[in-house]
Amino acid sequence: MSELKSGLFITVEGSEGVGKSTCIAFIQAWLQAENLPLVTTREPGGTPFAEAVRDLLLTPQQEPVADITELLLMFAARAQHIEQVIKPALAEQKVVVCDRFTDATYAYQGGGRGVDFQQIAQLEQLVQGALRPHVTLLLDMPVADALQRAAKRGELDRIESQTIDFFERVRQVYLKRAEQYPEQFHLVDASQPLEQVKQQVEQILAKVISQYVSL
Ligand code: T5A
């Protein structure tokens, strides 16, 4: 098994239907082929308790859910996930591959819902301290095309049922954050056929991993 110099925290982000799950399967296969110790997880969720919060967040509700309630539940699930899964795996020098993390909160609750970014930053500090993803693969493509892909999967959950404008705002926040944090973000053109998406992802991984594996 190859050895990492330290734990490596990789997140995969993008608006609905861009192909994150598909991309994570490529990442998993590539890292396994490199013999790297790996934990694959997701947000909201990743532990039984946090998955219960996920159900609450994504199931359509009878009463309106306040934006602040949604925000706090995202971070409550995240706190549990960090303590139970992410921190222990990084301490064991594993690669943690997470389907969405706090950049999704900036994009969805900040961009989509209009929650103040400062409030998100305060919760990020409280819940995560210094923990941030080392690498984020941002899958990007036009919103309408991505929503068509998502629609093919069947019934939409509470967040997927938002308007196209909502997801445009989500996309713009992601792109802005990619500009703001060029060391962290790697943009993937998700509108390409699968084989080309896979090639882009593998090129990024090869570059990133070469910096983290001890020789
Ligand atoms: N959320 C999450 C917040 O609001 N705040 C937060 O802080 C966090 C963490 C989570 C929801 O919670 C919200 C965001 C979300 O609404 P999710 O399961 O992560 O839910 O979100 P989804 O975006 O719905 O994820 P999905 O797994 O449902 O979609 P994917 O993973 O982006 O898409 P995927 O891989 O399932 O692909 C969709 C379809 O497209 C095809 C696939 O085969 C599949 O059929 N496809 C392609 N087709 C052609 N060419 C390609 N290149 C293709 N790639 C995939």
Side-chain angles (χ1 to χ4, degrees), residues 6-16 18 20 24 39 41-47 49-54 56-58 64-91 95-140 143 146 157-160 162-163 165-188 204 208 212:
S6 60
L8 173 60
F9 187 20
I10 300 178
T11 59
V12 182
E13 298 278 1
S15 191
E16 311 297 312
V18 287
K20 288 179 297 87
I24 283 171
V39 171
T41 185
R42 70 172 180 180
E43 289 215 348
T47 80
F49 187 89
E51 288 288 329
V53 179
R54 177 189 176 94
L56 200 57
L57 276 163
L58 300 188
V65 177
D67 294 346
I68 188 75
T69 310
E70 186 177 276
L71 176 70
L72 290 170
L73 284 174
M74 289 294 173
F75 272 106
R78 180 162 302 136
Q80 186 68 7
H81 187 210
I82 289 171
E83 291 309 316
Q84 294 294 314
V85 176
I86 298 176
K87 274 190 183 165
L90 292 176
V95 187
V96 176
V97 178
C98 191
D99 188 341
R100 297 193 187 282
F101 194 62
T102 306
D103 288 297
T105 313
Y106 281 100
Y108 281 78
Q109 280 63 53
R113 302 280 191 223
V115 171
D116 185 348
F117 289 108
Q118 276 307 316
Q119 289 182 346
I120 300 175
Q122 283 168 357
L123 287 169
E124 180 180 39
Q125 189 55 37
L126 175 72
V127 168
Q128 297 170 220
L131 177 71
R132 300 288 182 277
H134 298 107
V135 174
T136 297
L137 274 73
L138 175 59
L139 274 68
D140 181 63
V143 168
D157 67 34
R158 195 178 63 82
I159 295 177
E160 284 170 338
Q162 298 302 313
T163 60
D165 288 359
F166 177 97
F167 294 112
E168 281 294 352
R169 294 197 297 277
V170 167
R171 183 186 185 201
Q172 291 315 316
V173 171
Y174 271 134
L175 290 172
K176 202 160 165 211
R177 288 184 68 76
E179 254 181 54
Q180 229 175 329
Y181 302 103
E183 304 274 292
Q184 176 193 337
F185 277 85
H186 298 258
L187 213 57
V188 175
I204 294 167
V208 165
Y212 276 83

Please determine, by modelled atom types, if [X] and [Y] share a side-chain donor-acceptor pair under 3.5 angstrom.
{"X": "Thr102", "Y": "Glu124", "value": "no"}
{"X": "Glu16", "Y": "Tyr108", "value": "yes"}
{"X": "His186", "Y": "Thr136", "value": "no"}

Salt bridge between [X] and [Y], side-chain N to carboxylate O under 4.0 Å?
{"X": "Glu183", "Y": "Arg177", "answer": "no"}
{"X": "Arg113", "Y": "Glu70", "answer": "yes"}
{"X": "Arg42", "Y": "Glu51", "answer": "yes"}

For Phe75, is the NZ or CZ atom of Arg78 found under 6.0 angstrom from the centre of its six-membered ring and inside 45 degrees of the ring axis?
yes
Would Gln184 and Arg132 count as a side-chain contact (heavy atoms from CB on, under 4.5 Å) here? Give the steps.
CA-CA 9 Å; Gln184 176 193 337; Arg132 300 288 182 277; 5.5 Å; no
Test salt bridge (Lys or Arg N to Asp or Glu O under 4.0 Å) applied to Asp140 and Lys20, Arg171, Lys176, the passing residue
Arg171
Within-4.5 Å side-chain heavy-atom neighbours: [X] and [Y]:
{"X": "Thr41", "Y": "His81", "value": "yes"}
{"X": "Thr11", "Y": "Cys98", "value": "yes"}
{"X": "Ile120", "Y": "Leu71", "value": "yes"}
{"X": "Met74", "Y": "Gln109", "value": "yes"}

Looking only at heavy atoms, which two atoms of [X] and [Y] are closest? And how far apart?
{"X": "Ile82", "Y": "Pro88", "value": "O-CD, 3.7 Å"}
{"X": "Ala50", "Y": "Ala77", "value": "CB-O, 3.7 Å"}
{"X": "Val96", "Y": "Ala89", "value": "CG2-CB, 3.6 Å"}
{"X": "Val173", "Y": "Ala107", "value": "CG1-CA, 3.7 Å"}
{"X": "Ser15", "Y": "Val170", "value": "OG-CG1, 4.2 Å"}

Looking at [atom1] of [X] and [atom2] of [Y], how far apart are the two atoms once the value is rounded to the nearest 0.5 Å?
{"X": "Leu73", "Y": "Arg54", "atom1": "CG", "atom2": "CZ", "value": "13.5 Å"}
{"X": "Leu72", "Y": "Asp67", "atom1": "CG", "atom2": "CG", "value": "11.0 Å"}
{"X": "Leu139", "Y": "Leu187", "atom1": "CG", "atom2": "CG", "value": "8.5 Å"}
{"X": "Asp103", "Y": "Glu43", "atom1": "CG", "atom2": "CD", "value": "11.0 Å"}
{"X": "Thr47", "Y": "Gln80", "atom1": "OG1", "atom2": "CD", "value": "5.0 Å"}
{"X": "Thr105", "Y": "Gln119", "atom1": "OG1", "atom2": "CD", "value": "13.0 Å"}

Suppose we call two aromatic rings close when their centres sit under 6.0 Å apart. Are Tyr212 and His134 close by that rule?
yes
Check step by step if side-chain contact (heavy atoms from CB on, under 4.5 Å) holds for Leu8 and Val208.
CA-CA 10 Å; Leu8 173 60; Val208 165; 4.1 Å; yes
Please walk me through it: do Val97 and Val39 pass side-chain contact (heavy atoms from CB on, under 4.5 Å)?
CA-CA 6 Å; Val97 178; Val39 171; over 6 Å; no
Parallel, tilted or perpendicular: which fits the ring planes of Phe101 and Phe9, with parallel below 30° and perpendicular above 60°?
perpendicular
